[in-house]
Amino acid sequence: MKRLFFLMLGLVITQSIVAQGKYFDSNGVNIHYIDQGAGVPIVLVHGRGGSLQGWIANGVLPNLTKDYRVVAFDLRGHGLSAKPHTQQQYGKEMALDIVRLMDHLGIEKAHIIGYSLGANIVAQLLILHPERFITATLGGSAGRFRWTTNDDEIVEREASETERLGFSPSFDTRIAPPNTAKATDEEIKKRSAVALVNPAEDRFAMAAIIRSSRDQLISAEEVAAVKVPTLGIVGSKDSFILSLQDLKQQRPGLQLVIVENGTHSGEEDTRKRPEFIAAIRQFIASNSKAPLK
C-alpha cells in the first residue's frame with residue numbers, strides 16, 4: 001500500500017509539472033518547455049530519444065528546483081516539441097534553440113546540464129555562445145570533436161534502421177551496459193511493432209536528427225580553448241567514458257567525475273545515481289559566485 005501511495009504521489013507531481021508546460025516559437029519550430037523554481041537559472045538538456053520527462057523521472061529536476069530556477073525542454077524532434085523531417089532543421093539548430101529559449105525567458109546567463117546527445121549540444125554551445133553560461137555539465141558524452149569515416153557509417157546505419165524499424169538496434173547495442181546480450185530478431189520485431197505505432201515518436205524526425213550529427217562537430221582546438229567552468233560526469237561502465245577522458249586531456253581544467261559501475265542507460269544509469277546530482281550540486285555551488293552579467 002505504501003508503495004502504491006508513493007507511486008500515485010509521483011504521478012500527481014509529474015502531471016502537475018507537465019500541466020505547467022508552455023511553448024515558444026524557435027525560428028519557426030514550436031518548442032515545449034517547463035520553467036520551475038526560483039533563483040539562479042539552470043537549463044537541462046536531455047538525450048536522444050528522451051524528453052524533459054526524463055529529468056523528472058530520475059529526480060534531477062525536482063531536486064534542483066528546491067534551490068534554483070530550472071528550465072527543461074523537449075529538444076526539437078522529441079517529446080511535445082515539433083518534429084520537422086528535414087536534416088537541416090536539426091544539427092546546430094538544436095543548440096541555438098537553447099539560446100532562443102533563454103532569450104524568450106529573459107535569462108542572460110545560466111548553468112547548463114546536458115546528457116548524451118544533450119551533452120554534445122552543450123559542448124557545441126560552449127563554442128557558439130560561451131558568454132551565456134556560468135558553468136556547463138557534460139554527462140555521458142564530451143561533444144563531437146573526433147570524427148572519422150566510421151562515424152559516418154554509424155550515423156547512416158542508425159538513421160536507416162530508425163526509418164525502417166522505428167528505433168535503432170545498433171544504437172541500443174552501442175549504449176548498452178557491458179555484457180548485455182544483443183536483442184534477438186524476435187525481440188527486435190516485437191519492439192519495432194510497438195515503435196511504429198507510437199504516436200509520441202516520429203521515426204523520420206529521429207532519422208533526420210541522427211543524420212544531422214555532422215553539423216554538431218567542433219574542433220579539438222575549439223574544445224581546448226573553452227573557458228566556461230566544465231564538469232564531466234560518466235559511469236565507469238559507460239562506453240563513452242573514453243570521450244570524456246579524451247576531453248580531460250584536451251582541457252586539463254575539466255573536472256571529471258567517474259561514477260563507479262555507472263552505465264549510460266539501464267538500471268545503473270548514471271543519472272539515477274545519487275553521485276550524479278551530488279556532483280552537480282557541489283560543482284554549481286563552487287561556481288556560485290560567477291557573475292550573472
Side-chain angles (χ1 to χ4, degrees), residues 9-10 12-24 26 31-47 50-75 79-81 95-115 118-119 121-123 125-126 128-140 226-233 253-255 257 259 270-293:
L9 179 61
V12 170
I13 293 172
T14 298
Q15 289 176 334
S16 174
I17 294 175
V18 172
Q20 298 176 49
K22 298 179 180 179
Y23 292 85
F24 88 106
S26 181
I31 300 295
H32 174 249
Y33 71 93
I34 56 175
D35 184 1
Q36 301 285 319
V40 177
I42 298 175
V43 178
L44 302 178
V45 192
H46 67 78
S51 73
L52 66 82
Q53 289 300 311
W55 294 114
I56 299 170
N58 61 32
V60 171
L61 189 147
N63 183 296
L64 292 176
T65 54
K66 297 174 185 176
D67 302 292
Y68 300 95
R69 177 185 181 183
V70 183
V71 176
F73 69 105
D74 292 332
L75 291 167
L80 298 179
S81 290
L96 296 178
D97 283 338
I98 297 169
V99 176
R100 295 175 191 129
L101 177 56
M102 290 172 65
D103 288 344
H104 174 75
L105 296 174
I107 296 173
E108 187 169 350
K109 298 193 76 166
H111 299 280
I112 188 165
I113 302 166
Y115 192 82
I121 291 170
V122 170
L125 266 181
L126 297 183
L128 297 174
H129 289 285
E131 75 285 355
R132 302 300 298 267
F133 302 102
I134 307 166
T135 68
T137 296
L138 306 176
V226 168
K227 302 299 182 186
V228 177
T230 306
L231 168 67
I233 308 179
L254 172 79
Q255 181 178 326
V257 173
V259 178
T270 301
R271 289 164 292 183
K272 300 177 183 177
R273 298 282 295 272
E275 298 98 316
F276 185 80
I277 191 66
I280 289 172
R281 277 188 163 274
Q282 182 177 14
F283 179 67
I284 288 178
S286 69
N287 289 277
S288 62
K289 294 182 180 179
L292 289 176
K293 294 187 177 182

Problem set entry | Intermediate values then yes/no, side-chain contact (heavy atoms from CB on, under 4.5 Å), Val43 and Leu101 | CA-CA 10 Å; Val43 178; Leu101 177 56; 5.5 Å; no

How long is the gap from [atom1] on [X] to [atom2] on [Y], to the nearest 0.5 Å?
{"X": "Ile277", "Y": "Lys272", "atom1": "CD1", "atom2": "NZ", "answer": "15.5 Å"}
{"X": "Ile284", "Y": "Ile134", "atom1": "CD1", "atom2": "CD1", "answer": "8.5 Å"}
{"X": "Arg69", "Y": "Gln36", "atom1": "CZ", "atom2": "CD", "answer": "10.5 Å"}
{"X": "Gln255", "Y": "Leu138", "atom1": "CD", "atom2": "CG", "answer": "12.0 Å"}
{"X": "Ile107", "Y": "Arg132", "atom1": "CD1", "atom2": "CZ", "answer": "9.0 Å"}
{"X": "Asn58", "Y": "Phe276", "atom1": "CG", "atom2": "CZ", "answer": "7.0 Å"}

For this session: Kindly write out the residues that satisfy ring pair (Phe, Tyr, Trp, His ring centres under 6.0 Å) with His104, not counting sequence neighbours, or none if the list is empty.
Result: Phe24, Tyr33

For this session: Please list, chain by chain and in numerical order, all residues satisfying ring pair (Phe, Tyr, Trp, His ring centres under 6.0 Å) with Phe73, sequence neighbours excluded.
Result: none

Between [X] (side chain) and [Y] (backbone), is there a donor-acceptor pair under 3.5 Å?
{"X": "Asn63", "Y": "Gly59", "result": "no"}
{"X": "His46", "Y": "Trp55", "result": "no"}
{"X": "Ser81", "Y": "Gly79", "result": "no"}

Problem set entry | Residue that, paired with Ile112, satisfies side-chain contact (heavy atoms from CB on, under 4.5 Å) out of Ile98, Ile42, Ile121 | Ile98

Seminar exercise, completed: The side-chain contact (heavy atoms from CB on, under 4.5 Å) partner of Thr137 among Ile113, Val122, Leu44 is Ile113

Exercise. Who are the side-chain hydrogen bond (donor to acceptor under 3.5 Å, both in side chains) partners of Ser26, not counting sequence neighbours?
Worked result: Asp97, Arg100

Mind checking what makes salt bridge (Lys or Arg N to Asp or Glu O under 4.0 Å) contact with [X], not counting sequence neighbours?
{"X": "Arg281", "result": "Asp67"}
{"X": "Arg273", "result": "Glu268, Glu275"}
{"X": "Asp74", "result": "none"}

Exercise. Ile233 and Arg271: side-chain contact (heavy atoms from CB on, under 4.5 Å), yes or no, with the steps?
Worked result: CA-CA 9 Å; Ile233 308 179; Arg271 289 164 292 183; over 6 Å; no

Exercise. Can you find a pair of side-chain heavy atoms, one from Asp35 and one from Lys22, that are under 4.5 Å apart?
Worked result: no

Heavy-atom pair with the smallest gap, counting every atom of [X] and [Y]:
{"X": "Gly21", "Y": "Ile34", "result": "CA-CG2, 3.6 Å"}
{"X": "Ala95", "Y": "Leu128", "result": "CB-CD1, 4.3 Å"}
{"X": "Ala279", "Y": "Leu231", "result": "O-CD2, 3.8 Å"}
{"X": "Gly139", "Y": "Ala119", "result": "O-CB, 3.6 Å"}
{"X": "Glu108", "Y": "Met102", "result": "O-CE, 4.0 Å"}

For this session: Report the relative orientation of the aromatic rings in Tyr23 and His32; use parallel for angles under 30°, tilted for 30 to 60°, perpendicular for over 60°.
Result: tilted

